[in-house]
Amino acid sequence: MHFDLDDLQYEFRDAVRKVLTAELSPADLRAIWEQGHDYSSTVWPHLVSLGLPGLLVPAAHGGGDGAPVDLVLLLEECGSACLPEPIVETALIAPLVLSRAGTDQHRAEWLPRLAAGEAIVATCLGEDRLVPDGARADAVLVRQGDELHWVPRSQVHATPVQGIDPSRRLAECAFDLGPDTLLATGPEAVRVAQDAGAFGTAALLVGLAQRLTGTTRDYLLERRQFGRVIGSFQALKHRLADVAVQTEAARSLVWYASYALSESTPDATRAVHMAKAAANEAAFAANYAALQLHGGIGFTWEHDLHFWLQRGKALERSFGSTTQHRAALADEVLAEVWR
Amino acid sequence: MHFDLDDLQYEFRDAVRKVLTAELSPADLRAIWEQGHDYSSTVWPHLVSLGLPGLLVPAAHGGGDGAPVDLVLLLEECGSACLPEPIVETALIAPLVLSRAGTDQHRAEWLPRLAAGEAIVATCLGEDRLVPDGARADAVLVRQGDELHWVPRSQVHATPVQGIDPSRRLAECAFDLGPDTLLATGPEAVRVAQDAGAFGTAALLVGLAQRLTGTTRDYLLERRQFGRVIGSFQALKHRLADVAVQTEAARSLVWYASYALSESTPDATRAVHMAKAAANEAAFAANYAALQLHGGIGFTWEHDLHFWLQRGKALERSFGSTTQHRAALADEVLAEVWR
Amino acid sequence: MDLRLTPAQTDFRDEIRTWLEENVPTDSFPPPSTEEGFARHREWERALHGARFAAVHWPVEYGGRGMDPVSTAIFYDEYLRANAPARLNRLALGLAGPTLIELGDADQRSRWLPSMLTCDDIWCQGFSEPEAGSDLAGLRTRGEVSGDTVLVNGQKIWTSHSRFADWIFALVRTDPEAPKHKGLTFLMIDRHSPGVEVRPIRQMNHQADFAELFFTDVEVPVANVVGGIDNGWRVAMATLTHERSSNLNTAAHFHQILGEVLALVPESLRDDPLVRLQVARFHEEIEAYRYITLRTLSSLSVGRQPGPQSAMGKLWWSEMQTRILEFGLQMLGERAELLEPTPGEKSALVQSYWLSRASHIYAGSNEIQRNIISERVLGLPKGN
Amino acid sequence: MDLRLTPAQTDFRDEIRTWLEENVPTDSFPPPSTEEGFARHREWERALHGARFAAVHWPVEYGGRGMDPVSTAIFYDEYLRANAPARLNRLALGLAGPTLIELGDADQRSRWLPSMLTCDDIWCQGFSEPEAGSDLAGLRTRGEVSGDTVLVNGQKIWTSHSRFADWIFALVRTDPEAPKHKGLTFLMIDRHSPGVEVRPIRQMNHQADFAELFFTDVEVPVANVVGGIDNGWRVAMATLTHERSSNLNTAAHFHQILGEVLALVPESLRDDPLVRLQVARFHEEIEAYRYITLRTLSSLSVGRQPGPQSAMGKLWWSEMQTRILEFGLQMLGERAELLEPTPGEKSALVQSYWLSRASHIYAGSNEIQRNIISERVLGLPKGN
C-alpha cells in the first residue's frame, strides 16, 4: 500500500512544468487574453511533443496508454499555468469516453488524432449550450438526455460570445445530432464523461489554488505596510495557512480519485464527487484570500493575478458545483446508512 | 423616528445590572451549579423588588404595565449574568400569553402573582417533554398541538434529571391536561408564546455573547505568552472583533423585535425569526472564540467561563434553532417574492 | 424607541416623495462618463438643487436644509424608492463640502460650496497612494510650501469619478521630517492645473471605475489649504467621519440587489431548502444592517456619541453584499461568466461581483476594519 | 500509487485479524480508572504483548515488529474494526518508548522498555505548564543538577492518564540563565517519588481526563536524563514527531463517530437537503483526512520527507470532529444537554463534544498549528 505518485510521474510533471514555464509566461497569458477568440495556440505543440494530450489514448491507437493517475500531476500543472486550452476535455474525457463507448470507426478515426495532438475536443454535458472553446474544437462531446453524441466541427453551429475570461473562448452552440453522431446511450457512458470532467477539473483547481497561494505568499513577502512586510501580520498568515490546508486536503482527494478512476474501483464516482467538492472549496478560499491579500493592485487588469481569479471561478462552476457533488455523494453514502 | 432605548429604560437596566452584580457573582453562580435541583433563589427577591418579573403585567393586575421594549435591556443583563431563573418564561411569555388568552379567572388568579413575583413559570412549547425548571415552576405553559394549556404545579408530574448545566434544573414532565387547563386554541396564541420565547431568549443570548466577549477581552489583556499579552496577536484580535460585530448585529435585530412585539407590527414574527437566528449565530461565535482564546484554563470546572458556555449552547437550542427560524423567515419573505 | 416618523419628518418625506414623483425622469440617463450622460445628470442635479434637495444634510445657510442624519436617511430612502438617477457629485456633497463647512474658512466656503451644489465643479478624492494602501498615513506625495504656493509632486490612486472631476481634495506630505501622522496637509487641488494627469485604471472586471492621478510640479495656492499646514491628518479624519453618514449603502439598496438576484433563481430551485435558508440569511443580514445604521443615525441625530456598532457597518455590508452576489452567480450557473447580461439580469452580475470583492479592500480594508474594532471597541492593544 | 496491500501486508493483516477475532473479549471492560477495569486492561495488554502486537512499530529487538508507519496503520485499522479495548499505555508505547529507542542509552532502554510493553509501568507526559501553554519553551519547572541528582520543583498540567501512571517523561529547566529553548532537560521521573503529587482536573464536561502534577523537592537520578542535560528541547521535539504517527485519530475512528451521530438523525430529517449536504461534507472531510494521513505514512514508510500535508492533520481532524459533534447535538435537540445518554446514544454526546472543543487547544493549539503552517510550509516570517 503506497499513496504517492511514482518517480516517473513526478519527472513527467517536471517536464510539463518546464514547458509551461517557458512557453506560457504571464506575459504570454496576457497576450492570449487580449487576443480572445482570435488566439491560436503556441503552447499546444510543446505539450504534444511531451505526449501529454495523447497520454490516455491506448497504445494500439498510438497513444501513451496511460491512466488518469498518470495525468493527475500534469493537470495540476495545467491549472497552475492557467493553460488556455480544453485540456481536460481533450486529454481526459475524450480518450476515456471513446475507449469505452462508440464504434470502432469512431475510435479508428479519432483516437489517433487525439494521440497525435491534432484534435481539440470541447464538451457540452450540462443543460446549457454555452461551450468553452465551442467554436474552435474539432469535435464536441454532447450529452442529450441519456445519449452521448460525438459531433464533428462541421455539425457544430457556434457563435462566439464574450466571457469575463476571454481565454475560455465561450460560444453559444447548436448541434446537428443524429444517428451518425450517437456514441452511446445510457447513464453509464454519461457518467464516465462526467466523472472524468469533474475529476480533471478538480485537478486543475488544485494546481490553480496552489499557484494563487504561492503568488500571494510571494506578494506578502514583498509588500511592506506599517514599516514591515505584510506577511508578518498574523491574520494574513493564518488566512493563507487555511488555504494551504484546504488545498492539500483537496489534493489528497484528487489523487485518490485519479487512482479510483484508473482502477475502476466501485467507489470511483464517489471519489470524484469528493474531489471536485473539495477542490471547489479550496479554490474558493484561495480566490478570496489571494485578491484580499493583494489589495487594490490585484483588482487591476494590469496585474496578472486576475487570470487565475477569473479562471478559478469559472472552473468552480464547471462540471458540478460543491452543492451538486455533495448532494450526489450524500445519495450514495446515505443509501447504505439509512435504509 | 428614533432607534434607541430611552433614558428610563437605560436607568432600569443599570439598576438591574447593579443588583445582579451584587447578588449573582460568579461565586454565587458556582454555588448554584453545585446545588442544582436543591437551589432556592436568593436573587429573585431582589429582582422582584425592582419590579422586573411583573414589568409586563397590566397595571390593572398590579404589574408594571410595560411592553417587550421595556424588557429588552433587562433580559440582556439577565443573559450577561447567566441568571439561573426562567426569566423569559415568567416575566415575558406568561404575562403576554395570559393577557391575550385564557379566561378572566386565569388572569385574576395568576397575573397578580406574577406581578408580585410570587409565581415562577416554565414552558413546554415543543414536542419534547424535557422542561427547564419543570419541577420547580408554579405553573407550566404547555403546547399540545394547537392548544395552549396553563398547568398548575399540582397537575405537573416532574422527574428531575441531570443536565450539563445544573442551573437549568431540567425535568422530564407529564401533564394532566383537560378542559380546566385549556388556555387557548389556535395557532395565534401559540405564536404569541413562541415569538415571546424566541425574542426573549435572543435578548438573553445577546447579553451572554457580550459577556463572553468582555470576559475574553479581559483575559487577552492579562494572559502573557511569548513575552507579550496575547491580546496583541492579530489573529486573536480579529477573531474577537468578528464576535463583537455579530453581537451588535444581533442586538440591533433584537431591539427591533422588541419594538415590533410591543407595537404588534405586521412583521413582528419575522422580526423575531431574524432576532433569534442572529442571536444564535452571535452566541455560537462567542462561545467558540471564548473557549479557544482562554485556552486550557477555560475548559476546567474550576474556572467560571463554562457557566456561560454551557448556558449559551442550551439557549441556542431553546425556542428554535437558526435553521428553523431562517426556514420560517424564508417562507414569509419568499411568499411575497416568488408567487 | 419610536420608528414612526415625527410630523416634521412626515412633512419632509411627503414633500420629497411628491417632488420626486413629479420630477424624476422617466427615461434612464446614459452613464455620466459620456458627454450626453454628464449633461443630463448635471441638469438633474440642478433641478434637485432648485428644490433645495441637493444636500439636505448641509446647514440652511449653505444651501442645505440642516437635516439631521435620520432625516437625511429618509431622503435617500425616498430617492431610491423613486428610482431617481445616481448622484453626480457625491464626494463633494458627502465629504469635501461637510469638511469645508466644519473646518474651512469663510472664503473657502463661499468659493467652493455653491459650485458643488450646482455641479459646476465636480470633486474627487486624493488620499490613497500605491505605497500607502492600508497605511494611509504612510503617504508620500510631497507638498513643498514656499511663499504662497504649495508645490505638489507625487501620485494618487483609486480615485473615483476623477475622469470628469474639476477639483481634488488631497492629503500631501508637507513636512517629511515629522512623524508619519504629522506633517500632512489637506489641500484642494484644481484638477485642471498644469502638471495634473489622470489615467483611468482598467479593472479585472473589464470596467474602469477608478483612476490614478499624477502630480508633476503642480502649483497650488496656500489659500487652498484646509485646516492649516501640517494639520491634514486631523482634517482627513474629520472627512472620513462623514463617510459613515454618506447614505449610499442603505438597506434599501441591498434589498434591491437581493431582489435582482432572486429574480435569477430558477423555478426548480425555489423550493430548495438550502436556497431558501441562504435567502433568509441575506434578508436577515440586510435588516441587521438597517438597524445597525439606524442606531448610529439616531445617536448622531440627538448629538450622542454613537455606540460600538458605528464602527462595524462597512465590514458588515461589504461581506454581506459579496455573499449575495456570489449566490447570484451560482444561480446563473455557467452563464455567470458572460460579459453581457443574460435574460433576467439588469446588468452583468459578474461585474458587480468583482467590484464587490474590491469593496473588501477599499475605504479601509476589512483587515483594517477588524483592527479598528478590536482596538477601539474592545480596547485590545495596537500593533500587529 | 497502489492502495492494495503487499503480500507481506496481507499476511500481517490476516494474522492480526485472526488473532483479534479469537482474542478480543466479548464483554466491555470497566473504565481503566477503576481497579477492576485497570486489571482487565492490563491483562489484555499482556495478551497483546504475548502475540507481539503491543508495539508493532517498535524494532524487533525491543519487542516490536519493526513495522513501518503504513503497516502500523493497518494494525490500528484492524484493531478498531475488531472493536478491541482502548490501549492502556499509549504515551509509553507511542512517545516515551520511541524517544528512548531513538535517543536513550542502552541502560535506559533495557530499564524501561520491557515494562512499557507489559504495562507493569504506565507512563504519562509532563510537558505543559500553566504559564507555558502555547509557549512550550516558556516552561518554568526547575531541575537543579547537583552531583548525581536533579532536584525538581514546579508544576505540570494537562497530563492525561496520570492517575494510574508510574512514570512521567518531563521537560524541566536546568539552566535558567540560558535562552528560552536552551537549558531544558528531558527527564524520566518516578511518579511514586516523594514530593510528587497528582491532582485530577475536573472539567467543564463533568469528567476528569487530565491532571495537574506538583513537584516539591523531588530527587531524580541524573541517570534518568535522556539525551543529555540542557539538550531537552531537541529530545522533546523528537518525541512530538512521533505524535503524528500515533495512529489514534484515524479515518476509521472518525467514521465511527459519524456513524454514531447519523444514528441520531430523526427519520423526519433524513431527506432534508441541508442535513444531507452536511453529512456529505463530513464524509468528504474524513476521507480527505484518510488520504492526508496516508500520504504522510507512505512517505515515512519509504524514508522520504513527508509533504506539506504532514503539518496539517491535527488542525483538520480537530475542527472536523467538532463540526460533526455539533451537528450531532443539533440532531438531539433539547436532549443534547442531558448528562446521561438518551436512547440511541452510546455515550452522552455532549461530553464528547466539549472534549472535542478542548482538542482545538491541546497538543499545540490550532493557532499554533496555523503559525507553523504559515511559517514552515509557506515560509512566511515568524513572530506575531
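Chain identifiers are assigned alphabetically (A, B, ...) following the order of the sequence lines, protein sequences preceding nucleic acid strands; residue numbering begins at 1 within each chain. This is a predicted model, so every value here is computed, not measured.
When each of A:G231, A:A328, A:G214 is checked for heavy-atom pairs under 4.5 Å with chain D, A:G231 comes out on top. Between chain D and the residues A:S252, A:A249, A:A244, A:A330, the largest count of heavy-atom pairs under 4.5 Å involves A:S252.
Heavy atoms closer than 4.5 Å to chain A are found in the side chain of D:L315, but not in its backbone. Interface remark: D:R304 contributes side-chain atoms only to the contact with chain A (heavy atom separation under 4.5 Å). Heavy-atom distances place both the backbone and the side chain of D:E367 under 4.5 Å from chain A. For D:Q309, the parts lying under 4.5 angstrom from a heavy atom of chain A are both the backbone and the side chain. When heavy atoms are compared at a cutoff of 4.5 Å, D:T6 approaches chain A by way of both its backbone and its side chain. Looking at A:V245, both its backbone and its side chain come within 4.5 Å of chain D, counting heavy atoms on both sides.
Note: A:M1 CE to D:L297 CG = 8.0 Å, rounded to the nearest 0.5 Å. To the nearest 0.5 Å, atoms CG (A:L5) and OG (D:S298) are separated by 11.0 Å. For the atom pair A:W255 CH2 and D:M1 CE, the distance stands at 6.5 Å (nearest 0.5 Å). A distance of 4.5 Å separates CD in D:E287 from CE in A:M274, rounded to the nearest 0.5 Å. D:L262 contributes atom CG, which lies 6.5 Å from atom CG of A:L334 (distance to the nearest 0.5 angstrom). Note that OG of D:S299 is 6.5 Å distant from NE2 of A:H2, once rounded to the nearest 0.5 Å.
Side chains of D:D2 and A:Y259 form a contact here, defined as non-hydrogen atoms less than 4.5 Å apart. A:L329 has its side chain within reach of D:E284: a pair of non-hydrogen atoms, C-beta onward, lies under 4.5 Å apart. A:T247 places none of its side-chain heavy atoms less than 4.5 Å from the side chain of D:P308.
Shortest non-hydrogen contact noted between D:L378 and A:T213 is CD2-CG2, 3.7 Å.
Between the side chain of A:K237 and the main chain of D:I372, no donor-acceptor pair closer than 3.5 Å is present.
A salt bridge is defined here as a Lys NZ or Arg NE, NH1 or NH2 lying under 4.0 Å from an Asp or Glu carboxylate O, and D:R270 with A:D331 fails to meet this definition. Taking the charged nitrogens against the carboxylate oxygens, A:E263 and D:R4 have no contact shorter than 4.0 Å, which rules out a salt bridge. Salt bridge annotation for A:D242-D:R370: present, with a cationic side-chain nitrogen under 4.0 angstrom from a carboxylate oxygen.
Here the rule is side chain to side chain contact (heavy atoms under 4.5 Å, CB included) with D:H283, and of A:H273, A:E332, A:R270 only A:R270 fits it.
The aromatic rings of A:Y256 and D:Y291 sit parallel, their planes meeting at an angle under 30°, below the 60° perpendicular limit.
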